[in-house]
Student: 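Mind having a look at this structure? Questions to follow.
Keep in mind that the numbers below use all heavy atoms, side chains included, and drop hydrogens, waters and symmetry copies. Naming convention: chains lettered A, B, ... in sequence-line order (proteins, then strands); numbering from 1 in each chain.
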Number of protein chains: 2
Amino acid sequence: MDRFADIRTAALELFTRKGYEATTMADLGAAVGMRAPSLYKHVDSKQDVLARIMTATMTELLAVHRTAVATTADPVERLRRATEAHVRYHARHRLEAFVGNREIRALVEPHRGRVLALRSEYEAAFRELVEAGVATGDFHVASVKLASYAILDLGMGVAVWYREDGEYSEDTLVWQYSEFALNIVGAATRQVEPS
Amino acid sequence: MDRFADIRTAALELFTRKGYEATTMADLGAAVGMRAPSLYKHVDSKQDVLARIMTATMTELLAVHRTAVATTADPVERLRRATEAHVRYHARHRLEAFVGNREIRALVEPHRGRVLALRSEYEAAFRELVEAGVATGDFHVASVKLASYAILDLGMGVAVWYREDGEYSEDTLVWQYSEFALNIVGAATRQVEPS
DNA sequence: CGTCACGGCTAATGTTCATTAGCTAACGTG
DNA sequence: CACGTTAGCTAATGAACATTAGCCGTGACG
């Protein structure tokens with residue numbers, strides 16, 4: 001079986017719980033049942049593990065975003081789907097998203113630059129989504145940039161506190177947060193009674 | 001002059017930029033113009049620096065929150081003021097807020113427990129604010145917890161990207177984000193034309 | 001049945017740190 | 001003008017860590 005997949009999974013958990021710097025190769029080895037030096041049969045370096053996780057994550061996130069907005073032109077629906085994809089990814093892949101957001105500092109060039117570029121691209125995509133809705137008069141915001149940042153930040157938050165076995169199903173969460181996003185841009189479609 | 005204040009300031013910048021683990025006592029010393037060992041004339045340990053920063057920050061945040069909601073009983077106004085205080089604090093003390101949010105992992109007991117308790121208290125306060133508005137019918141949310149998390153997350157986001165010399169004044173930001181918060185709980189008071 | 005690559009191990013290396021020891025210059029106080 | 005205290009320094013200490021070297025059992029394949 002692919003030992004690298006195990007290492008990657010263990011690294012996700014450790015990087016999330018202790019952080020990249022505080023995670024030792026011995027920790028990582030122990031988590032997959034081997035000694036630190038043996039890890040080097042599967043990865044180039046600790047930095048390599050982080051870099052692979054982070055680039056894959058950002059690429060994936062960008063991909064789900066593109067898929068989400070691919071099949072409709074309506075600004076409201078585009079933003080809804082993009083937010084759904086955003087929140088769903090941050091819930092379903094919360095460790096990846098968590099590490100991806102928090103450990104950019106630990107990433108070294110050239111990986112750092114690449115990941116930051118992907119992230120800018122992702123942010124720009126949301127900004128354009130909001131802009132489009134403003135242009136059609138569907139959205140009403142004082143600042144496109146602030147509104148899109150706010151929506152993006154919601155996803156990051158989810159990655160921090162969401163638990164698969166927690167109080168909320170992924171769908172409940174996704175649906176609720178999309179509503180929040182539409183509320184933020186002033187495109188509320190319906191009001192919900194308290195539960 | 002109080003050398004500790006300088007050290008604290010330098011530590012804030014370094015912990016934000018590189019992270020606690022990646023910051024060395026030599027870095028910190030260099031930032032205030034002394035060698036690493038000399039720092040120990042002013043602080044007990046590296047952990048001590050972090051602990052002092054984090055407890056002070058959480059205590060302060062709780063204090064501004066209490067002041068913000070102290071003088072009105074109207075749920076809408078209470079949430080608005082709490083959000084304003086929240087966002088304003090995260091903008092004005094962005095380094096403190098950033099470190100306070102991100103370095104809990106690096107904090108060791110008993111500080112960690114204390115800071116987490118303060119944070120729970122803060123979160124609970126927001127939850128109660130939303131709950132009160134739902135009770136009076138001013139707010140309309142499917143889940144009090146999700147809505148209050150979403151609002152709290154907005155502040156965290158601000159601490160990440162806000163720059164004092166950036167595009168937005170503190171007031172613009174605070175005002176906009178409070179609007180977002182009220183939108184999130186379905187208590188929108190006005191719509192704003194695009195800028 | 002030999003052999004070779006794979007994937008593990010222990011031991012060693014060299015570095016980086018936080019922190020401690022112990023020295024000293026400056027300075028305020030009597 | 002002694003003198004102790006403050007706040008800096010260099011040197012030392014001891015631990016932790018990423019990574020490399022080199023060894024060995026196992027199992028696939030000829």
Student: With a 3.5 Å cut-off and no angle check, do the side chains of A/Tyr168 and B/Ser143 form a donor-acceptor pair?
Tutor: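 Present: a donor and an acceptor within the cut-off.
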Student: Under the 6.0 Å and 45° cation-pi test, does B/Arg52 pair with B/Phe4?
Tutor: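 Because its charged atom sits under 6.0 Å from the ring centre and within 45° of the axis, B/Arg52 does stack over B/Phe4.
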Student: Whole Å only: how far is the CG atom of A/Asp2 from the C1' atom of C/dG7?
Tutor: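 From A/Asp2 CG to C/dG7 C1': 14 Å.
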Student: Tell me whether the OP1 or OP2 atom of D/dC9 has a side-chain N or O from B/Ser38 closer than 4.0 Å.
Tutor: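 Result: yes.
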Student: On the nucleotide C/dG8, are OP1 or OP2 found under 4.0 Å from the side-chain N or O atoms that A/His42 carries?
Tutor: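 For A/His42, the contact criterion (side-chain N or O under 4.0 Å from OP1 or OP2 of C/dG8) is met.
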Student: Taking only Lys NZ, Arg NE, NH1 and NH2, and the carboxylate oxygens of Asp or Glu, determine whether B/Arg66 and B/Glu121 approach each other closer than 4.0 Å.
Tutor: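 So B/Arg66 pairs with B/Glu121 through a salt bridge.
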Student: Side chain of A/Met25: nearest nucleotide among D/dT19, D/dC9, C/dG8?
Tutor: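 Closest nucleotide to the A/Met25 side chain: D/dT19.
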Student: Verify salt bridge (charged side-chain N to carboxylate O under 4.0 Å, His left out) between A/Arg80 and A/Glu77, making sure each step is shown before the conclusion.
Tutor: CA-CA 5 Å; A/Arg80 184 200 295 284; A/Glu77 197 51 28; 3.6 Å; yes
Student: Rounded to the nearest Å, what distance is computed from the CG atom of residue B/Leu39 to the P atom of nucleotide C/dC17?
Tutor: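 After rounding, the reported distance stands at 14 Å.
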Student: Identify which nucleotide among D/dG8, C/dA18, C/dT10 has an atom closest to any side-chain atom of A/Pro37, counting heavy atoms from C-beta outward.
Tutor: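 Nearest listed nucleotide: C/dT10.
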Student: Taking the side chain of B/Lys46 as its heavy atoms from C-beta onward, which of D/dC9, C/dG8, C/dA18 lies nearest to it?
Tutor: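 From the listed options, C/dA18 comes nearest.
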Student: Regarding A/Thr24, tell me which of base, sugar-phosphate or nothing describes its non-hydrogen contacts under 4.0 Å with the strands shown.
Tutor: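 Sugar-phosphate only.
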Student: Within the structure shown, what part of the strands sits under 4.0 Å from A/Lys41 by heavy-atom distance: base, sugar-phosphate, or nothing?
Tutor: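 It contacts base atoms.
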Student: Mind calculating the distance between CG (A/Asp48) and P (D/dA18) to the nearest angstrom?
Tutor: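 That distance rounds to 14 Å.
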Student: Less than 4.0 angstrom between a side-chain N/O of A/Arg35 and OP1 or OP2 of C/dT10, yes or no?
Tutor: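 Result: yes.
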Student: Separation of B/Leu28 atom CG from C/dT19 atom C1', in whole Å?
Tutor: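 Those two atoms, CG and C1', are 14 Å apart.
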Student: What integer distance in Å separates A/Met34:CE from C/dC6:P?
Tutor: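 Checked: the CE to P distance equals 15 Å.
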Student: Between D/dG8 and B/Arg3, is there an OP1 or OP2 to side-chain N/O distance shorter than 4.0 Å?
Tutor: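 Affirmative; the distance criterion is met.
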Student: Can a side-chain donor-acceptor contact be found between B/Tyr122 and B/His86 if the only test is distance below 3.5 angstrom?
Tutor: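 Judged by distance alone, the side chains do pair up.
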Student: To the nearest angstrom, how far is B/Tyr40 atom OH from D/dT6 atom C1'?
Tutor: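 Computing the B/Tyr40:OH to D/dT6:C1' distance gives 19 Å.
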